[in-house]
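Start at 1 and go down the list; that is how both ligands and their atoms are numbered.
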Amino acid sequence: MAMMAMTIRNSASRRTMMSRPIFGSRSMSSWWKNVEPAPKDPILGVTEAFLADPSPDKVNVGVGAYRDDNGKPVVLDCVREAERRIAGTSFMEYLPMGGSVKMVEETLKLAYGDNSQFIKDKRIAAVQSLSGTGACRLFADFQNRFCPASQIYIPVPTWSNHHNIWRDAQVPQKTYHYYHPETKGLDFKGLMDDVKNAPEGSFFLLHACAHNPTGVDPTEEQWREISQLFKAKKHFAFFDMAYQGFASGDPARDAKSIRIFLEDGQHIGISQSYAKNMGLYGQRVGCLSVLCEDEKQAVTVKSQLQQLARPMYSNPPLHGAQIVSTILGDPELKSLWLKEVKIMADRIIGMRTTLRDSLEKLGSPLSWEHVTKQIGMFCYSGLTPEQVDRLTSEYHIYMTRNGRISMAGVTTGNVGYLANVIHEVTKSS
Ligand code: PLA
């Protein structure tokens, strides 16, 4: 104890001597004079620009946030009912560091399966996280702390924030082939070669379903091959599952990739998020889980995950967790949720067809087959950054410069306009 106090004092005084400016030697306004403005976020920056545009024609297909066919944000009926049931409860205490036990229990069933032996054997270390981002970050910090020499393989392309997350967690990044720009499909050979050539026991980030931004997923057969290769190479798969239900409309089906790895006896990690599939974006509710050797190891790993959470945010928020556990803990509300997920997924699939048909009817010289082939929330359109810039500056269409269209923002009311202007900027290419 005395040693520890000394160490802390020593390092604090060293810092004081070396780098702290002497108070009073400069005006207060100069404290942050060397701070440069941060670059705009490639996704959330689009929303900022959209909000600042006064045009009545503006369309936001940037961020992946679901809208109904009138372009309005949606609160699911199951969520409304859960809120009604929660209202007036007197519990406002802190959750434990690992979050709501009930919520975590229900969440694990969605990923590992209702009757998962791993759940029964208590082999999963799991904590409630600050949505999917928080789960990824907590895992990245855990990886850095306990496998400090490791790196992470990330697909090309991927959700832009993956790079920020592992960068800030000080884990070096490598990439692996994923998308083939010519076929607008999976570069399966490139992916397998990279998995094969990575040093044995590498960490890989995989999108469990509805890959962001491409909308391209491996087939079931390909997942089996990937899993076998991971097993042979003793790699660790970390699944980011931010869109469970949005690929097929059925959360159980969308967990197929994970189930294949589990059947093969692999030890995996999973990030789960309720932002999209329950529409709980701002509630920040999700889960990080790590499958361990046995119960004892799971208890140990969980204690370390909690230890990482404690100095960052202490414990996760209560309300979203209550909503989730109320819905998933009640068979009727759960089946209502499943219906509503399917409605959202189906509306997006319908919009894909309409967008493609509209472009074809306009006589576009390009193929738009990929619009309906890709799945999930996003269409990786193939539009160039320059074409996207034109769409934004001339036609008030807001989307990320990599050509990703959030299909969740496309509606019966704007799909015609969107097709027209996409045709306008692409017809001579
Ligand atoms: N993982 C992937 C692959 C994602 O696309 C997103 C969200 C997350 C994790 C994190 O979501 P959560 O923290 O809200 O649970 N991607 C969004 C939003 C929808 C964003 O960029 O934050 C997107 O537009 O790509």
Side-chain angles (χ1 to χ4, degrees), residues 39-50 60-67 73-74 99 103 107 110-111 127-140 152 154-166 168-169 178-179 204-217 237-247 254 257-258 269-289 312-313 316-317 320-321 323-324 344 348 374-381 388 398-410:
K40 269 205 182 309
D41 184 83
I43 298 172
L44 301 184
V46 172
T47 307
E48 285 170 25
F50 169 81
N60 189 3
V61 284
V63 70
Y66 184 79
R67 299 286 176 259
V74 172
M103 190 287 287
T107 304
L110 290 179
V127 294
Q128 182 185 331
S129 60
L130 304 189
S131 214
T133 308
C136 288
R137 179 59 195 267
L138 206 55
F139 181 78
I152 182 99
I154 292 183
V156 179
T158 194
W159 176 48
S160 51
N161 211 22
H162 282 145
H163 295 294
N164 305 332
I165 289 170
W166 269 271
D168 280 11
Y178 189 84
Y179 180 75
F204 275 75
L205 169 79
L206 299 165
H207 294 229
C209 63
H211 182 273
N212 175 12
T214 66
V216 172
D217 284 354
F238 181 71
F239 285 94
D240 183 358
M241 184 155 61
Y243 300 94
Q244 187 177 12
F246 265 91
D254 286 359
S257 54
I258 287 175
I270 310 178
S271 156
Q272 291 172 260
S273 164
Y274 289 105
K276 273 71 69 173
N277 62 11
M278 233 176 242
L280 295 178
Y281 305 89
Q283 294 292 348
R284 314 306 294 143
V285 48
C287 179
L288 167 66
S289 61
M312 267 199 285
Y313 54 85
I323 295 174
V324 173
M344 292 192 284
I348 291 176
Q374 295 169 352
I375 52 176
M377 243 191 194
F378 302 107
C379 162
Y380 205 45
S381 65
V388 173
Y398 288 84
M399 55 189 276
T400 52
R401 288 191 84 228
N402 60 2
R404 184 188 86 165
I405 298 172
S406 171
M407 292 305 299
V410 182

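- The only option from F239, W159, W166 that meets the side-chain contact (heavy atoms from CB on, under 4.5 Å) definition with L205 turns out to be W166.
- H211 and Y178 have parallel rings, their planes meeting at less than 30° on a 0 to 90° scale where 60° marks the start of perpendicular.
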Discussion item. For a side-chain contact (heavy atoms from CB on, under 4.5 Å) check, start with the C-alpha distance between F246 and N212, then their side-chain angles and the critical distance, and finish with the verdict.
Written reply: CA-CA 11 Å; F246 265 91; N212 175 12; over 6 Å; no
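- Side chain of R404 to backbone of T214: no donor-acceptor contact under 3.5 angstrom is found.
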With the criterion set at N/O pairs under 3.5 Å, what does the list of contacts between the protein and ligand 1 look like, atom names and distances included?
residue, atom, partner, partner atom, Å
ligand 1, 1 (N), D240, OD1, 3.4
ligand 1, 1 (N), D240, OD2, 2.6
ligand 1, 5 (O), N212, ND2, 2.6
ligand 1, 5 (O), Y243, OH, 2.5
ligand 1, 11 (O), K276, NZ, 3.1
ligand 1, 13 (O), G132, N, 3.3
ligand 1, 13 (O), T133, N, 2.9
ligand 1, 13 (O), T133, OG1, 2.5
ligand 1, 13 (O), R284, NH2, 2.8
ligand 1, 14 (O), R284, NH1, 2.9
ligand 1, 15 (O), S131, OG, 2.5
ligand 1, 15 (O), G132, N, 2.8
ligand 1, 15 (O), S273, OG, 2.6
ligand 1, 16 (N), W159, NE1, 3.3
ligand 1, 16 (N), Y243, OH, 3.4
ligand 1, 21 (O), W159, NE1, 2.9
ligand 1, 24 (O), G64, N, 2.8
ligand 1, 24 (O), R404, NH2, 2.9
ligand 1, 25 (O), W159, NE1, 3.4
ligand 1, 25 (O), N212, ND2, 3.1
ligand 1, 25 (O), R404, NH1, 2.8
ligand 1, 25 (O), R404, NH2, 3.4

Practice prompt. Decide yes or no on side-chain contact (heavy atoms from CB on, under 4.5 Å) for D240 and F139, but give the supporting numbers first.
Written response: CA-CA 11 Å; D240 183 358; F139 181 78; over 6 Å; no
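- A donor-acceptor pair under 3.5 Å is absent between the side-chain atoms of Q244 and the main chain of N277, judged by distance alone.
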